[in-house]
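Below: one structure, written as structure tokens.
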Amino acid sequence: MARHSAALTSLCNCLQGLPPVDIEWTSVIGLANQTLTTPALIDFVDKFASILPEDVSQYIRQIHGRNVLRNNRLLLQLEEAVVALNGYGITPILLKGASTLATAHEARRGVRLMSDLDIMIMPDEARTAVAALCAIGYDIHAQAPPESQRWHVDLIRSQDVGAIDLQTAAPGPAYLYQSFGQALDHCVPAPLGRGRVYIPTPIYGALMLIIHDQFQDYGYWLGDLDLRHLVELRDLNNSVDGLDWRELTSLVPGELMKNAVETQLLALAELLGVDIPRELRSRLIPRLQFVRQLLQARFPATRVPFLAMMVLDLGNYRKVANGAIPPARRRGLWSLPRMGTLQFLLEAAVAVRAGKA
């Protein structure tokens with residue numbers, strides 16, 4: 001346990017670019033691999049190569065170099081998919097890593113390790129979009145059932161290094177976006193090679209990334225730390241000479257979202273040294289949630305008992321969720337989650353999930 005605890009602190013220090021002091025490299029590299037942040041250590045290696053163990057520098061450079069090659073292939077794959085969609089009159093919105101890949105400077109292209117390409121289209125474009133991608137060789141690997149609240153389909157080809165995750169809505173529950181209007185209102189048109197896309201504004205992109213981690217991936221309820229996405233938020237902040245964090249939080253509706261966003265901002269400040277206004281990292285519930293994240297990351301055996309911390313925001317969750325469902329299906333503000341929900345969260349709490357500390 002002590003080794004895991006020290007590894008988390010050391011890895012975060014490395015990601016901040018702090019000088020290496022008393023680092024147990026086997027544990028740190030293991031945690032970097034687990035959290036998918038190994039390529040992001042390239043800046044640290046470039047800065048301190050002369051005092052790092054040769055095998056550590058060589059390993060990180062090798063992983064980063066391979067990721068550059070992989071992401072270059074993903075970028076070509078993304079451009080081909082976009083051109084195909086454009087040919088059917090569809091201009092997609094690039095989400096998360098796909099947006100980062102499309103806008104990153106060539107020298108920074110290999111920093112982020114990606115699993116797939118997230119592409120959003122409008123609901124009435126779904127069938128046409130699938131046909132456009134199938135026409136260039138994609139097959140449907142998995143698809144959300146018709147009764148699903150959030151439609152998406154995974155498309156693959158044997159020659160590609162990643163899948164396409166085609167979706168008709170921003171990440172996370174739709175009710176969290178009710179105050180934002182249409183996604184296109186928060187995007188700007190941009191070229192991508194021979195194609196045309198929409199790129200989310202930095203503020204909207206940051207919000208989507210936080211909602212994805214905290215609610216689509218259930219990280220807020222499970223107490224997960226996603227270091228890879230924290231690094232992406234930090235880099236997004238650096239790319240625009242500082243996001244306006246006060247503006248971001250002013251767009252957030254309700255106490256549930258406010259608590260979740262401020263928990264993420266607190267992690268950014270404490271783990272990666274991002275300058276976050278004090279008033280956005282001082283409230284009680286976000287601070288308790290962040291302490292929970294740290295304890296769970298360092299002592300995984302605490303994950304199950306800490307599920308009880310869901311009660312801190314149960315009432316806030318009911319308020320926002322009840323507004324999105326018919327009155328007959330609404331539940332009391334402090335009614336316990338259904339047994340199936342509790343079972344799902346319990347199983348997720350003990351599962352090993354790639355990218356999570």
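Positions are given from 1 along the sequence.
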Please say whether more than 12 non-hydrogen atoms of neighbouring residues, nucleotides or ligands are located less than 6.0 Å from [atom1] in [X].
X      : atom1 : result
Arg150 : CZ    : yes
Glu247 : CD    : yes
Gln143 : CD    : yes
Glu106 : CD    : no

Could you please spell out the steps behind the side chain to side chain donor-acceptor pair (under 3.5 Å) verdict for Gln77 and Arg73?
-> CA-CA 6 Å; Gln77 179 187 346; Arg73 289 185 61 183; over 6 Å; no

Modelled atom types, side-chain donor and acceptor of [X] and [Y], under 3.5 Å:
X      : Y      : value
Glu232 : Thr100 : yes
Arg109 : Asn67  : no
Arg234 : His229 : no
Asp224 : Tyr218 : no
Thr9   : Arg298 : yes

Is there side-chain contact between [X] and [Y], with heavy atoms separated by less than 4.5 Å?
X      : Y      : answer
Pro20  : Trp25  : yes
Arg246 : Glu279 : yes
Ile119 : Ile93  : no
His152 : Asp165 : yes
Leu176 : Phe215 : yes
Asp139 : Cys134 : no
Gln216 : Ile211 : no
Glu255 : Arg283 : yes

Gln167/Leu95 under side-chain contact (heavy atoms from CB on, under 4.5 Å): CA gap, chis, key distance, verdict = CA-CA 10 Å; Gln167 45 209 289; Leu95 305 178; 3.9 Å; yes

Are the side chain of [X] and the backbone of [Y] linked by a donor-acceptor contact shorter than 3.5 Å?
X      : Y      : result
Thr37  : Asn33  : no
Arg194 : Glu79  : no
Asn86  : Arg196 : yes
Lys47  : Gly17  : yes
Tyr177 : Pro171 : yes
Asn237 : Leu243 : yes
Arg112 : Arg228 : no
Ser57  : Val45  : no
Arg303 : Gln296 : no
Thr302 : Phe299 : yes

Residue pairs passing the ring-ring contact (aromatic ring centres under 6.0 Å, His included) test where at least one lies in residues 34-60, sequence neighbours excluded =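 Matches after skipping sequence neighbours: Phe44-Phe48.
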
Of all heavy-atom pairs between [X] and [Y], which one has the smallest distance, and what is that distance?
X      : Y      : answer
Gln264 : Ile210 : CG-CG1, 3.8 Å
Ala132 : Ala84  : CB-O, 3.9 Å
Ala135 : Tyr88  : CB-OH, 4.1 Å
Ala81  : Ile136 : CA-CD1, 4.2 Å
Cys12  : Leu227 : SG-CD2, 4.0 Å
Val68  : Gly110 : CG2-CA, 3.7 Å

Would you give the length of the straight line joining atom [atom1] of [X] to atom [atom2] of [Y], rounded to the nearest 0.5 angstrom?
X      : Y      : atom1 : atom2 : answer
Gln178 : Tyr175 : CD    : OH    : 9.5 Å
Ile63  : Arg70  : CD1   : CZ    : 12.0 Å
Gln293 : Tyr220 : CD    : OH    : 9.0 Å
Glu24  : Ile29  : CD    : CD1   : 10.5 Å
Leu78  : Ile164 : CG    : CD1   : 7.5 Å
Gln62  : Ile60  : CD    : CD1   : 11.5 Å

Can you hop from [X] to [Y] via hydrophobic side chains spaced under 4.5 Å?
X      : Y      : result
Leu268 : Leu248 : yes
Val83  : Ile121 : no
Met120 : Leu133 : no
Val130 : Leu94  : yes
Leu117 : Val161 : yes

Would you please test His141 and Arg157 for side chain to side chain donor-acceptor pair (under 3.5 Å) and show each step?
-> CA-CA 9 Å; His141 177 67; Arg157 294 186 306 190; over 6 Å; no

Listed partners of Glu347 passing side chain to side chain donor-acceptor pair (under 3.5 Å), at least two apart =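 In terms of side chain to side chain donor-acceptor pair (under 3.5 Å), with neighbours along the sequence ignored, Glu347 is linked to Gln343.
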
Among all residues two or more places apart in sequence or in another chain, which pass the side chain to side chain donor-acceptor pair (under 3.5 Å) test with Gln16?
->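 Partners of Gln16 by the side chain to side chain donor-acceptor pair (under 3.5 Å) criterion come out as none, since no residue qualifies.
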
Using the side-chain contact (heavy atoms from CB on, under 4.5 Å) rule, take Trp245 and Asp275 through it: C-alpha gap first, then chi angles, then the decisive distance, then the call.
-> CA-CA 9 Å; Trp245 300 111; Asp275 184 17; over 6 Å; no

Under the side chain to side chain donor-acceptor pair (under 3.5 Å) criterion, do Tyr204 and Asp185 qualify, and how do the steps go?
-> CA-CA 10 Å; Tyr204 195 62; Asp185 296 337; over 6 Å; no

Show your working on side-chain contact (heavy atoms from CB on, under 4.5 Å) between Arg292 and Leu307 and close with a plain yes or no.
-> CA-CA 10 Å; Arg292 171 199 183 188; Leu307 281 176; 4.0 Å; yes

Audit row: Met122, Thr168, side-chain contact (heavy atoms from CB on, under 4.5 Å) steps and yes/no = CA-CA 5 Å; Met122 299 298 106; Thr168 57; over 6 Å; no

For Asn71, the option from Leu113, Leu76, Leu101 that meets side chain to side chain contact (heavy atoms under 4.5 Å, CB included) |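 The single option meeting the side chain to side chain contact (heavy atoms under 4.5 Å, CB included) with Asn71 is Leu101.
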
